[in-house]
K.L.:
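Pasting in a structure now, in structure tokens, and then I'll have a few things to ask.
We number each residue from 1, following the sequence as shown. Small disclaimer: the values here were computed from a predicted structure and weren't measured. All ligand and atom numbering here is 1-based and tracks the order in the structure. When reading the values below, keep in mind they use all heavy atoms of this one structure, side chains included, and skip hydrogens, waters and symmetry mates.
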Amino acid sequence: MLTLLFAAPATWPDYREILPRVLADAGLGARILTLDDAYDPAQVDYILYAPSSPLQDFTPFTRAKAVLSLWAGVERIVGNPTLTQPLCRMVDPELTEGMVEWVTGHTLRHHLGMDRHIVNPGHVWDHRCPPLARDRKVAFLGLGALGLACAQALQQLNFTVSGWSRSEKQVPGLVTRHGAQGLAETLALAEILVLLLPKTAETENILNAESLALLPRGAVILNPGRGPLIDDAALLAALDSGQIAHATLDVFRVEPLPQDHPFWAHPQVTVTPHIAADTRPASAARVLAENIRRGEAGAPFLHLVDRAAGY
Ligand code: NAP
């Protein structure tokens with residue numbers, strides 16, 4: 001019988017029923033403890049984790065075979081010096097589905113110029129027809145589980161899509177780039193730019209005054225990645241100068257976004273409250289069970305975090 005520690009108190013009610021069921025269906029006999037239970041850390045086989053967890057010292061978990069994050073982003077745990085166990089992040093098919101819907105919806109909003117018609121107090125008969133998707137260039141920074149799925153969904157709608165990642169990639173029908181030169185080329189063509197990078201030392205402030213200036217004038221930015229990818233002051237200056245027409249932001253340096261932050265009041269900023277895509281317990285439980293099955297079978301874990309790269 002395995003011992004699992006569910007160290008994410010805020011989400012335990014969402015998993016309390018589904019997780020034991022999914023583990024049983026996978027043939028895994030497990031006792032699930034929470035941080036409220038009396039337990040011996042040295043007896044725990046797997047830790048299920050969220051960044052808000054009060055558990056910060058992994059040293060006593062001498063037997064744990066892995067820490068399985070319920071979140072896709074691991075920037076708040078990856079640098080923890082007490083964490084010597086393998087760390088796996090969450091790649092949940094239903095989270096991906098949610099992100100595809102958010103990115104597609106907000107891309108279409110800007111592509112079609114929907115705001116002109118939704119908010120039209122003067123009843124202006126603006127007869128301009130939007131261009132076709134084939135004539136709209138959308139670029140992704142980040143072509144991982146989420147960026148690639150979103151890029152492919154937009155390709156299906158005929159958008160002209162390109163993407164940039166750390167490593168070189170071959171994706172049928174997608175123009176892919178990497179490296180500093182690749183970033184400059186990707187930005188130069190991005191009428192709509194989607195940020196789906198993790199927050200790491202290398203990606204922080206990747207959108208700054210210099211890189212914002214490389215975008216075509218009037219570009220739109222969608223950021224469902226992480227707040228620190230953007231230098232806030234540089235973005236506000238670019239919005240005010242007209243270099244950037246609009247920014248739709250789901251993630252922020254400080255969350256909830258403070259009431260006095262200029263993003264709330266800026267007419268060319270849309271704030272969504274970190275709702276682009278959530279981990280869905282039913283599908284996430286299956287991902288957790290599969291990784292535990294692998295751990296027990298001695299097979300490589302899925303979605304193992306590269307500690308040196310930070311994601
Ligand atoms: P992922 O599979 O790890 O993909 C990350 C992508 O970023 C990869 O393509 C990676 O390149 C690229 N990348 C990383 N560092 C880079 C660098 N220095 N230069 C260029 N490219 C770099 O992650 P994911 O599952 O797609 O998730 C991406 C992020 O979305 C998460 O880290 C999280 O912050 C965010 N997120 C937000 C929400 C929300 O609700 N707003 C929900 C879930 C996740 P390689 O392919 O070469 O490795």
K.L.:
Do any nitrogen or oxygen atoms of Gly144 lie less than 3.5 angstrom from nitrogen or oxygen atoms of ligand 1?
P.N.:
yes
K.L.:
Nearest protein heavy atom to atom 38 (C) of ligand 1, by residue and atom, and its distance?
P.N.:
Met99 CE, 3.5 Å
K.L.:
Quick test of your reading of the structure: of His178, Glu202, Arg177, whose heavy atom lies closest to atom 18 (N) of ligand 1?
P.N.:
Glu202
K.L.:
For Glu296, is there an ion pair with Lys65 - N to carboxylate O distance below 4.0 angstrom?
P.N.:
yes
K.L.:
Quick check: does any side chain N or O of Arg136 sit under 3.5 Å from a backbone N or O of His111, one acting as donor and the other as acceptor?
P.N.:
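Here the side-chain-to-backbone pair exists.
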K.L.:
Is the Phe61 ring parallel, tilted or perpendicular to the Phe58 ring (thresholds 30°, 60°)?
P.N.:
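The arrangement is tilted - the two ring planes meet at 30° to 60°.
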K.L.:
Please say whether Ala277 places an N or O atom under 3.5 Å from an N or O atom belonging to ligand 1.
P.N.:
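Yes - when backbone and side-chain N and O of Ala277 are compared with those of ligand 1, one distance drops under 3.5 Å.
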K.L.:
Any N or O of Gly142 that comes nearer than 3.5 Å to an N or O of ligand 1?
P.N.:
no
K.L.:
What protein heavy atom sits nearest atom 44 (C) of ligand 1, and how far off is it?
P.N.:
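Looking at atom 44 (C) of ligand 1, the protein heavy atom closest to it is Leu146 CD1, 3.4 Å.
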K.L.:
Please identify each residue that fulfils side chain to side chain contact (heavy atoms under 4.5 Å, CB included) with Ile275, with sequence neighbours left out.
P.N.:
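For Ile275 the side chain to side chain contact (heavy atoms under 4.5 Å, CB included) partners, ignoring immediate neighbours, are Trp102, Asp250, Thr272, Pro273.
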K.L.:
Within the 4.0 Å heavy-atom shell around Thr203, which atoms of ligand 1 are there?
P.N.:
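Under 4.0 Å from Thr203, ligand 1 has these atoms: 15 (N), 16 (C), 17 (C), 18 (N).
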K.L.:
Tell me whether Asp37 contacts the main-chain N or O of Tyr39 through its side chain, where contact means a donor paired with an acceptor under 3.5 Å.
P.N.:
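Pair absent, no side-chain N/O of Asp37 close to backbone of Tyr39.
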K.L.:
Has ligand 1 got any nitrogen or oxygen that is less than 3.5 angstrom from a nitrogen or oxygen of Leu143?
P.N.:
yes
K.L.:
Can you find an N/O atom of Arg89 closer than 3.5 Å to an N/O atom of ligand 1?
P.N.:
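It does: an N or O of Arg89 is found under 3.5 Å from an N or O of ligand 1.
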K.L.:
For the 3.5 Å polar cut-off, considering only N or O atoms, please tell me whether Lys199 and ligand 1 meet it.
P.N.:
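No - when backbone and side-chain N and O of Lys199 are compared with those of ligand 1, no distance drops under 3.5 Å.
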K.L.:
Does ligand 1 have any atom sitting under 4.0 Å from a heavy atom of Trp164?
P.N.:
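In this structure, Trp164 qualifies as a contact of ligand 1 - some heavy atom is under 4.0 Å.
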K.L.:
How far is atom 10 (C) of ligand 1 from its nearest protein heavy atom, and which residue and atom name does that atom have?
P.N.:
Tyr311 OH, 3.6 Å
K.L.:
Return yes if some donor-acceptor pair links the side-chain N/O of Trp164 with the main-chain N/O of Ala180 below 3.5 Å, else return no.
P.N.:
no
K.L.:
Which option, Arg166, Met90, Glu75, owns the non-hydrogen atom nearest atom 16 (C) of ligand 1?
P.N.:
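Result: the heavy atom closest to atom 16 (C) of ligand 1 is in Arg166.
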K.L.:
Which of the atoms of ligand 1 are close to Val251, meaning less than 4.0 Å from one of its heavy atoms?
P.N.:
41 (N)
K.L.:
Considering the heavy atoms of Arg226, write down every atom of ligand 1 situated less than 4.0 Å from one of them.
P.N.:
33 (C), 34 (O), 35 (C), 36 (N), 37 (C)
K.L.:
Got a salt bridge between Arg226 and Glu255, using NZ or NE/NH1/NH2 to carboxylate O under 4.0 Å?
P.N.:
no
K.L.:
Using heavy atoms and a threshold below 4.0 Å, how should the contact between Asp278 and ligand 1 be classified: side chain, backbone, both, or neither?
P.N.:
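Near ligand 1, Asp278 shows nothing, with every heavy atom at 4.0 Å or more.
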K.L.:
Are the side chain of Ser69 and the backbone of Val74 linked by a donor-acceptor contact shorter than 3.5 Å?
P.N.:
no
K.L.:
Check ligand 1 against His274 and write out every atom of the ligand that is under 4.0 Å from a heavy-atom position of the residue.
P.N.:
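The list of qualifying atoms is 39 (C), 40 (O), 41 (N).
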K.L.:
Indicate the ring-plane relationship of Tyr46 and Phe301, choosing parallel, tilted or perpendicular according to the 30° and 60° boundaries.
P.N.:
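Because their plane-to-plane angle is over 60°, the rings of Tyr46 and Phe301 count as perpendicular.
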K.L.:
Please walk me through it: do Gln181 and Glu185 pass side-chain hydrogen bond (donor to acceptor under 3.5 Å, both in side chains)?
P.N.:
CA-CA 6 Å; Gln181 180 63 22; Glu185 289 170 8; 3.0 Å; yes
K.L.:
If you measure only the distance, is there a donor-acceptor pair under 3.5 Å linking the side chains of Thr248 and His110?
P.N.:
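Looking only at side-chain atoms, His110 and Thr248 do form a donor-acceptor pair, the distance falling under 3.5 Å.
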K.L.:
Considering heavy atoms of the protein only, find what lies nearest to atom 28 (C) of ligand 1 and give residue, atom and distance to 0.1 Å.
P.N.:
Leu196 O, 3.6 Å
K.L.:
Looking at ligand 1, does Thr200 have a heavy atom less than 4.0 Å from it?
P.N.:
no
K.L.:
How close does the nearest protein non-hydrogen atom get to atom 29 (C) of ligand 1, and which residue and atom is it?
P.N.:
Leu197 O, 3.8 Å
K.L.:
I need the single residue from Leu187, Ile221, Leu239 that forms a side-chain contact (heavy atoms from CB on, under 4.5 Å) with Leu212. Which is it?
P.N.:
Ile221
K.L.:
Do Arg286 and Glu290 meet the salt-bridge criterion of a basic N to acidic O distance under 4.0 Å?
P.N.:
no
K.L.:
Would one find an N or O of Gly73, backbone or side chain, under 3.5 Å from an N or O of ligand 1?
P.N.:
no
K.L.:
May I ask you to identify the nearest protein heavy atom to atom 46 (O) of ligand 1, giving residue, atom name and distance to one decimal place in Å?
P.N.:
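Residue, atom and distance for the closest contact: Lys169 NZ, 2.7 Å.
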K.L.:
Any idea which of Pro224, Pro198, Gly227, Gly225 brings a heavy atom closest to atom 5 (C) of ligand 1?
P.N.:
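Checking each option, the heavy atom nearest atom 5 (C) of ligand 1 is found in Pro198.
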